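This one's a predicted model, so the numbers in the text were calculated from it and none came from an experiment. Remember, it's 1-based here, ligands and their atoms both numbered in the order they're listed.
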Amino acid sequence: MRIGILTGGGDCPGLNAVIRAATRRALSRGHEVVGIREGWRGLLDDNLMQLGPREISGILPRGGTIVGTSRTNPFKVDGGAERVARHFTGGFLDALVAIGGEDTLGVAARLYREHDAPVVGVPKTIDNDLSGTDYTFGFDTAVSIATEAIDRLHTTAESHNRVMVVEVMGRHAGWIALHSGIAGGADVILIPEQKVTVEETCTLLRKRHDGGKSFSIVVVSEGYELTYESGESRLVAGEARATDQFGHVALGGVGDALGREIEQRTGFETRVTVLGHVQRGGTPTARDRVLATRYGLKAADLVEERRFGRMAALHGDDIVDVSLDEATAELKTVPPEWYEVAKPFFG
Ligand code: F6P
């Protein structure tokens, strides 16, 4: 078989570990493996690279993706889906491993459904918002980086008697904020799924300071809507640029807006840290390397068994497979019971 591998959407620690594992297993079975450059765009532009033992050597700990990535949506390009599908009907590719989040795997699911494309998926995203799997790879690394930042902010917050607001990524799911906030001992955690108001946040901070603490840490997810007692709420979008090909606005900026509100309302000196893409860059944690490796091997097995339209997934401690349709049907957001783990430590 000639097997293609592509990575789509935002890059994520562990992508290279998946590429390595899937390629190693496929090569050992006598197949040929090609990397599709820059996500779905590589299939539109026929931009490919050979993946052999030399190309995958030494990439396990490396962040980013050796085949590149993009947010290209072939369904938004005139004749794009047909151009992609022709690679399979024309005998150029016998199978494709698509490594991505809801957007990339949404395209994979549609290509399988509407064009019978021989595609399998691997769940990637630091946001951990993909259904059908307990965890995506990359999430553990992002949480570790954010937790380390919160730890560091604690000491400077304490020295200056300040409130530190830390804005983390996660798009419309608060998983990174919740986990790093719990691990870092945050005094308030604000996520898109919970409508905690600015007034409630300030009350929690005042209570904490009245109780004798002179500093506080607030972790806010970029997708949290600034919400007020009056019922008004607003999503703070980043740069005023158009949505991407999947219809997403660029988030970012809620930390600054919240920091200003806290300082004005409480009088506590407040500083804001936006962690941004540092959460996505660099080497994956050991846990993500292991998870990515298991996903990569599973993807190669699904291809071998010709079980297309499936995605590797983690259920408990087992690697299983689920349908791409199930995985992309809806976003996996933070359920209320998870927020209850954080709340006892607020204020
Ligand atoms: O989906 C991963 C993610 O890092 C989100 O958490 C974030 O909102 C977005 O990608 C940022 O996208 P970009 O890399 O285009 O700035």
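- For ligand 1, the atoms lying closer than 4.0 Å to a non-hydrogen atom of H277 are 13 (P), 14 (O), 16 (O).
- Neither the backbone nor the side chain of L251 comes within 4.0 Å of ligand 1, counting heavy atoms alone.
- Numbered from 1 in the order shown, with element, the atoms of ligand 1 that lie under 4.0 Å from a heavy atom of G170 read 6 (O).
- Of all the listed residues (H248, M169, E222, R280), E222 holds the heavy atom that lies closest to atom 8 (O) of ligand 1.
- Within 6.0 Å of atom CZ in R24, 12 or fewer heavy atoms from other residues, nucleotides or ligands are found, so the atom counts as exposed in its surroundings.
- Annotation: cation-pi pair R110/F75 present, NZ/CZ under 6.0 Å from the ring centroid and within 45° of its normal.
- Taking distance alone, with nitrogen or oxygen atoms compared against 3.5 Å, I126 stays at or beyond that limit from ligand 1.
- Those atoms of ligand 1 with a heavy atom of R71 less than 4.0 angstrom away are 9 (C), 10 (O), 11 (C), 12 (O), 13 (P), 14 (O), 15 (O).
- The environment of R287 atom CZ is sparse: at most 12 non-hydrogen atoms of other residues, nucleotides or ligands sit within 6.0 angstrom.
- At a cut-off of 3.5 Å, with distance as the only test, no side-chain donor of T227 or S233 sits close to an acceptor on the other residue.
- Using a 4.0 Å cut-off between a side-chain N of Lys or Arg and a carboxylate O of Asp or Glu, E82 and R86 do not qualify as a salt bridge.
- D210 CG: more than 12 foreign heavy atoms inside a 6.0 Å radius.
- Within ligand 1, counting atoms from 1 as listed, the ones closer than 4.0 Å to a heavy atom of R171 are 1 (O), 6 (O).
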